[in-house]
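Have a look at the structure below before the remarks.
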Amino acid sequence: MTVRTRFAPSPTGYLHVGGARTALFSWLYARKHGGQFVLRIEDTDLERSTPESVNAILEGMTWLGLDYDEGPFYQTARFDRYDEIIQQLLDNGHAYRCYCSKERLDELRETQMAAKTKPRYDGHCLKNKADDPDAPHVIRFRNPVGGSVIVNDLIRGKVAISNDELDDLIIRRTDGSPTYNLTVVVDDMDMNITHVIRGDDHLNNAPRQINILNALGAEAPVYAHVPMILGDDGSRLSKRHGAVSVMQYREEGFLPEALINYLVRLGWSHGDQEIFSIDEMISLFDIDDVNKAPSSFNTEKLEWLNQHYIKETDPAHIATLLRPHMGKLGIDPSEGPDLVEVVKAQQERANTLEEMADISQFFYKDYDEFDEKAAKKNLRPVAAEPMIKIREALASLSEWNEATIHTAIHDVAAALDVKMGKVAQPLRVAVVGRAASPGIDITLFLVGQEACLRRIDRALAYIEARANETAAN
RNA sequence: GUCCCGUUCAUCUAGAGGCCUAGGAUAUCGCCCUUUCACGGCGAGUACAGGGGUUCGACUCCCCUACGGGACGCCA
């Protein structure tokens with residue numbers, strides 16, 4: 001039997017990191033076993049499902065490289081099939097009509113909560129038939145009484161739940177639409193899903209689903225409930241923890257390789273290995289190695305991985321990805337040095353593409369103003385003389401390249417009998433406006449001779465103004 | 001409240017009864033490299049939730065407690 005897994009999100013929002021990891025695990029499992037990965041959109045909640053959300057989910061999966069072999073299948077397109085199954089359950093006594101009002105159910109729930117018991121439907125309509133069978137009603141699955149259901153979970157092991165804990169759940173609403181627990185069972189059955197890998201929050205649903213499957217005479221798939229992802233403070237992951245949407249990570253300048261690598265290591269590990277290529281994940285991943293405990297999302301480790309992949313990736317490719325981030329800052333990289341060269345210079349200095357764009361702005365436009373601390377420290381009157389000398393040296397260069405620039409700076413330092421730092425650091429601040437940049441030679445080279453001289457003049461004016469100010473006091 | 005699940009450094013994790021003086025990674029701090037920032041190298045501190053058993057021996061097995069998470073919907 002070939003392995004068939006699925007990812008079945010409900011389109012009520014964006015693809016978030018928790019869903020993405022579940023999808024990744026399902027995808028890896030299918031790929032590892034040479035099986036199929038199916039995408040199914042669970043859109044039976046007509047109120048909350050939106051086409052925008054469907055697009056967001058598809059976009060997120062595409063970006064992460066989680067390709068599916070079948071689908072997307074939409075549950076809203078399968079209502080006839082669900083009706084058929086519901087009728088079948090009705091016919092063989094595994095389901096019944098329920099005419100209880102919402103008010104009655106709410107009241108029942110409250111009473112039971114007050115009595116400190118688990119809220120459950122009391123089976124009222126099972127015993128009392130309505131006068132008019134066509135009056136508005138829902139359809140309930142008739143859950144077995146007594147005994148217990150064993151969920152043989154690949155991650156949790158054997159989980160037993162007593163049938164007395166389960167009540168007769170609604171499988172069709174008053175408006176005729178089927179509910180989740182019914183559709184998921186029918187779909188997994190029809191789509192021949194062999195392994196249901198999903199979030200831990202569904203563990204409680206498994207026994208009810210197994211009961212429905214039994215009533216249908218179908219075999220249950222193998223279940224694997226993966227633990228949830230929590231925020232960095234250990235509480236349920238939410239927007240207040242920062243980015244939760246997969247696409248937001250792209251906007252913030254993360255590479256899909258980094259996010260995938262981060263996600264695969266959350267709740268799963270293979271010895272001490274931290275870096276995994278997709279092929280390695282496929283060959284090494286195993287459900288048996290997935291942890292039972294929930295894990296906290298840690299952005300700092302994600303950033304480390306992102307930097308790792310930025311360093312490892314071909315600069316030309318990084319440049320392509322960086323371009324839109326430059327654009328967001330109002331910079332057109334075609335009006336300046338080759339972006340690929342800029343990437344090479346910055347590759348080891350940025351955790352994200354967004355950050356790389358930020359620290360690369362000065363290659364393309366003059367800085368707005370000096371970084372205060374850097375200017376205060378480096379653009380002092382004592383820096384004036386070396387700065388004037390270096391300006392002369394740079395201005396006289398007829399060949400503008402890293403080697404000639406290097407020699408020029410070196411010679412000035414030697415002539416003044418000072419360390420390189422005394423010359424290079426004020427020069428850096430003069431040219432880039434702040435204290436940090438790539439190597440001084442490559443920086444000057446990429447900024448260009450004309451812009452360098454212009455900015456040095458600006459720094460000299462700054463130093464002079466400051467000297468006058470000091471003298472005046 | 002009831003039921004289900006979980007608990008190793010701040011965080012992700014290794015650990016399948018003696019290999020554990022509990023290993024790796026991120027983060028933090030220090031040193032080295034260095035014209036800055038990074039990268040890289042080296043090093044430091046930091047954990048088996050608590051209590052009972054079982055055993056010659058428990059991070060590993062069992063029980064209880066505490067804490068955390070999930071479910072209890074005409075949501076999925």
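All values derive from a computational prediction rather than experimental measurement. Basis for what follows: all heavy atoms, side chains included, without hydrogens, waters or symmetry-related copies. The sequence lines fix the lettering, A, B, ..., with proteins before strands; numbering per chain opens at 1.
Among residues at least two apart or in separate chains, there is no ring pair (Phe, Tyr, Trp, His ring centres under 6.0 Å) pair with a member in residues 151-172 of chain A. Residue pairs meeting the salt bridge (Lys or Arg N to Asp or Glu O under 4.0 Å) criterion with at least one member in residues 144-159 of chain A, sequence neighbours excluded: A:R156-A:D200.
Side-chain proximity of A:N291 to B:U13, B:A25, B:G73: nearest is B:U13. In this structure, the nucleotide among B:U11, B:C12, B:C74 sitting nearest to the side chain of A:R265 is B:C12. Checking B:A76, B:U26, B:U7 against every side-chain atom of A:T44, the shortest atom distance belongs to B:A76. Counting only heavy atoms from C-beta on, A:N204 has its side chain closest to B:C3 among B:U13, B:C3, B:C5. Side-chain atoms of A:Q307 lie closest to B:C39 of the nucleotides B:C39, B:A25, B:G70.
The distance from atom CG of A:N261 to atom P of B:C12 is 17 Å, rounded to the nearest whole Å.
Listed by chain and number, the residues in a salt bridge (Lys or Arg N to Asp or Glu O under 4.0 Å) with A:R142 amount to none (sequence neighbours excluded). With sequence neighbours left out, A:R172 forms a salt bridge (Lys or Arg N to Asp or Glu O under 4.0 Å) with A:D83.
For A:T117, no side-chain nitrogen or oxygen approaches OP1 or OP2 of B:G1 to under 4.0 Å.
Proximity of residues 5-13 of chain A to RNA chain B (heavy atom under 4.0 angstrom from any strand atom) is restricted to A:S10.
As judged by a 4.0 angstrom heavy-atom cut-off over every strand, A:K118 is placed among the base-contacting residues.
Separating the CZ atom in A:R104 from the OH atom in A:Y121 is a distance of 5.5 Å, to the nearest 0.5 Å.
Between the base of B:A76 and the side chain of A:N205 there is a donor-acceptor pair shorter than 3.5 Å.
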Can I get a per-line list of side-chain donor-acceptor pairs under 3.5 Å for residues 263-272 of chain A, giving both atom names and the distance, sequence neighbours left out?
{"residue": "A:R265", "atom": "NE", "partner": "A:Q273", "partner atom": "O", "Å": "3.4"}
{"residue": "A:R265", "atom": "NE", "partner": "A:E274", "partner atom": "OE1", "Å": "3.4"}
{"residue": "A:R265", "atom": "NH1", "partner": "A:W268", "partner atom": "O", "Å": "3.0"}
{"residue": "A:R265", "atom": "NH2", "partner": "A:E274", "partner atom": "OE2", "Å": "3.4"}

